[in-house]
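Single-structure report; data block below.
For reference, positions follow the sequence shown, starting with 1.
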Amino acid sequence: MTDRPDDDACPVPLSRYAQIVLGHGSGGRLSADLLREVFLAGYGDRGPDAREDQAVLEVEAGRIAVTTDAFVVHPRFFPGGDIGALSIYGTVNDLAVGGARPRWIAVAFVVEEGLPVEELARIVRSMRDACERADVTLVTGDTKVVDRGKGDGVFVTTTGVGVVPAERDLSATHARPGDVILTSGTLGDHGMAIMSVREGLALVEPIESDAAPLNGLVEALLAAVPETRAMRDPTRGGVASALTEIAAASRVGMTVFEDAVPVRDTVRGACEILGLDPLYVANEGKLLALVPAERRGAALEALRGHPLGADAAVIGEVTDRRPGTVVLRTAFGTERVLPMLSGEQLPRIC
């Protein structure tokens, strides 16, 4: 068996190929085989509708939220996740923290010639499982194949659509002095899971990514505290960059208390080895929430009552000092500014 037939050979079923070939992106027989034997087999064939060039969706009352994203993480499989699940969770979370209820996802693959077919099938199955966990439906997609050496295996792009209930109004412009800042759990897990593998760190306790869908956690928080001002999932740029964006949009200051920031010892140790600050490291299953001070107890109770929020904590407050600036109050009582991340601290992290 060979991975590439002779030019004058008749097309053969996908099962004869152990690796992706350029013909899988041709739009012809091999593309149809790839769709049937990898994508529909992995996601679940929904019948004739799954083969249309578009998805037709029924939308309930409310506002439509749309987000788009691309995923180029390296390595593609890492402790606690892979590029497939990450692409679903990342899309779901961008919708959820804006108050939307995620409903549908479209996905496109850029696949490099030579990628093992089984690896692509594994990614597809992971996406299917992630959709089930997040209660969203993958409704349409596309695949392109590029020459060997031109695509680094596989890249994934997504578009997510959700519905925002009429009564919800979350915005980065809504923060007010006196609000408290909460995180749903320990910070830096995803970024350091990736970096520990890349750098070959021999850690006593392996670090796993926190990649997870946040929509259930968001619903629990908003049910308990509908007055929530704003939320963010602090991915690239970490907590410091996400808070700086909100501070600038609302023209307020913020103070983060170093002693209150939850970071696992293994993550903190890995950050020290690599010279990184956990407040700038990416997360893929945590949220930041700003709520009125008088609702902090209800917010903490709601977050801690959900499996993804067991380690929730209040990490700071909104102030009227130095609008647009986030300040870290250290364990020694000193303060330093937490600027938005400049440059790329951790490339290919999501």
Side-chain angles (χ1 to χ4, degrees), residues 65 80 89 92-102 133-136 162-190 208-235 238-240 242-243 246-247 250 252 254-265 267-268 278-279 283-319 326 328-329:
Y89 297 152
V92 165
N93 295 348
D94 283 347
L95 292 169
V97 295
R101 289 173 175 153
R133 182 181 178 190
D135 193 24
V136 295
V163 179
V164 184
E167 69 276 8
R168 291 187 182 174
D169 184 24
L170 299 172
S171 172
T173 65
H174 290 353
R176 298 291 180 267
D179 291 346
V180 294
I181 305 165
L182 299 94
T183 178
S184 60
T186 56
L187 303 178
D189 295 354
H190 175 73
E208 290 196 354
S209 171
D210 60 347
L214 293 172
N215 45 333
L217 183 64
V218 167
E219 291 297 322
L221 175 60
L222 293 180
V225 187
E227 308 96 326
T228 298
R229 312 276 199 196
M231 284 186 283
R232 280 287 188 275
D233 58 328
T235 54
V239 167
L243 290 180
I246 298 174
S250 293
V252 296
M254 294 184 182
T255 299
V256 174
F257 307 115
E258 185 177 43
D259 285 349
V261 177
V263 180
R264 299 184 195 278
D265 289 341
V267 170
R268 193 181 302 279
L279 291 172
N283 311 270
E284 291 291 347
K286 301 298 190 314
L287 63 79
L288 295 170
L290 279 70
V291 304
E294 64 271 17
R295 301 294 286 152
R296 63 185 290 167
L300 279 173
E301 183 179 0
L303 291 173
R304 291 172 178 170
H306 189 280
L308 294 179
D311 296 316
V314 174
I315 64 168
E317 62 185 11
V318 180
T319 72
V326 180
L328 179 71
R329 186 168 298 165

Minimum heavy-atom distance [X]-[Y], with the two atoms named:
X: Met231; Y: Ala96; answer: CE-O, 4.3 Å
X: Ala212; Y: Arg133; answer: CB-NH2, 3.8 Å
X: Leu170; Y: Ala230; answer: CD2-N, 4.2 Å
X: Leu279; Y: Leu187; answer: CD2-CD1, 4.3 Å
X: Ala260; Y: Ile315; answer: O-CG2, 3.6 Å
X: Val261; Y: Arg268; answer: O-NH2, 4.1 Å

Which distance, rounded to the nearest 0.5 Å, do you find between the [atom1] of [X] and the [atom2] of [Y]?
X: Leu182; Y: Ser184; atom1: CG; atom2: OG; answer: 9.5 Å
X: Asn283; Y: Asp189; atom1: CG; atom2: CG; answer: 7.0 Å
X: His190; Y: Asp210; atom1: NE2; atom2: CG; answer: 7.5 Å
X: Ile181; Y: Ile246; atom1: CD1; atom2: CD1; answer: 8.0 Å
X: Glu284; Y: Thr235; atom1: CD; atom2: OG1; answer: 5.5 Å
X: Ser250; Y: Arg176; atom1: OG; atom2: CZ; answer: 6.0 Å

Which atom pairs, one a donor and one an acceptor, fall under 3.5 Å between side chains of residues 217-229 and the rest of the protein, sequence neighbours left out?
{"residue": "Glu219", "atom": "OE1", "partner": "Arg101", "partner atom": "NE", "Å": "3.4"}
{"residue": "Glu219", "atom": "OE1", "partner": "Arg101", "partner atom": "NH2", "Å": "3.4"}
{"residue": "Glu219", "atom": "OE1", "partner": "Arg168", "partner atom": "NH2", "Å": "2.7"}
{"residue": "Glu219", "atom": "OE2", "partner": "Arg101", "partner atom": "NE", "Å": "3.4"}
{"residue": "Glu219", "atom": "OE2", "partner": "Arg168", "partner atom": "NH1", "Å": "3.0"}
{"residue": "Glu219", "atom": "OE2", "partner": "Arg168", "partner atom": "NH2", "Å": "3.2"}
{"residue": "Glu227", "atom": "OE1", "partner": "Arg295", "partner atom": "NE", "Å": "3.4"}
{"residue": "Glu227", "atom": "OE2", "partner": "Arg295", "partner atom": "NE", "Å": "3.4"}
{"residue": "Thr228", "atom": "OG1", "partner": "Val225", "partner atom": "O", "Å": "2.7"}
{"residue": "Arg229", "atom": "NE", "partner": "Asp179", "partner atom": "OD1", "Å": "3.3"}
{"residue": "Arg229", "atom": "NE", "partner": "Asp179", "partner atom": "OD2", "Å": "3.0"}
{"residue": "Arg229", "atom": "NH2", "partner": "Asp179", "partner atom": "OD1", "Å": "3.3"}

Atom CG of Asp265 with >12 non-hydrogen neighbours under 6.0 angstrom: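 Count not over threshold, so no.
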Residue pair Leu288, Leu243: steps toward the side chain to side chain contact (heavy atoms under 4.5 Å, CB included) verdict: CA-CA 8 Å; Leu288 295 170; Leu243 290 180; 3.9 Å; yes
Under 3.5 Å donor-acceptor pairs involving side-chain atoms of residues 299-313, not counting sequence neighbours:
{"residue": "Arg304", "atom": "NE", "partner": "Ala312", "partner atom": "O", "Å": "3.1"}
{"residue": "Arg304", "atom": "NH2", "partner": "Ala312", "partner atom": "O", "Å": "3.0"}
{"residue": "His306", "atom": "ND1", "partner": "Leu308", "partner atom": "N", "Å": "3.0"}

Flag side-chain contact, heavy atom, 4.5 Å: Lys286 against Thr186: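 Lys286 vs Thr186: side chains touch.
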Any side-chain heavy-atom pair of Val180 and Val291 under 4.5 Å: yes
Partners meeting side chain to side chain contact (heavy atoms under 4.5 Å, CB included) with Arg329 (sequence neighbours left out):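 Counting only residues at least two positions away or on another chain, Arg329 forms a side chain to side chain contact (heavy atoms under 4.5 Å, CB included) with Thr255, Phe257, Arg321, Glu335.
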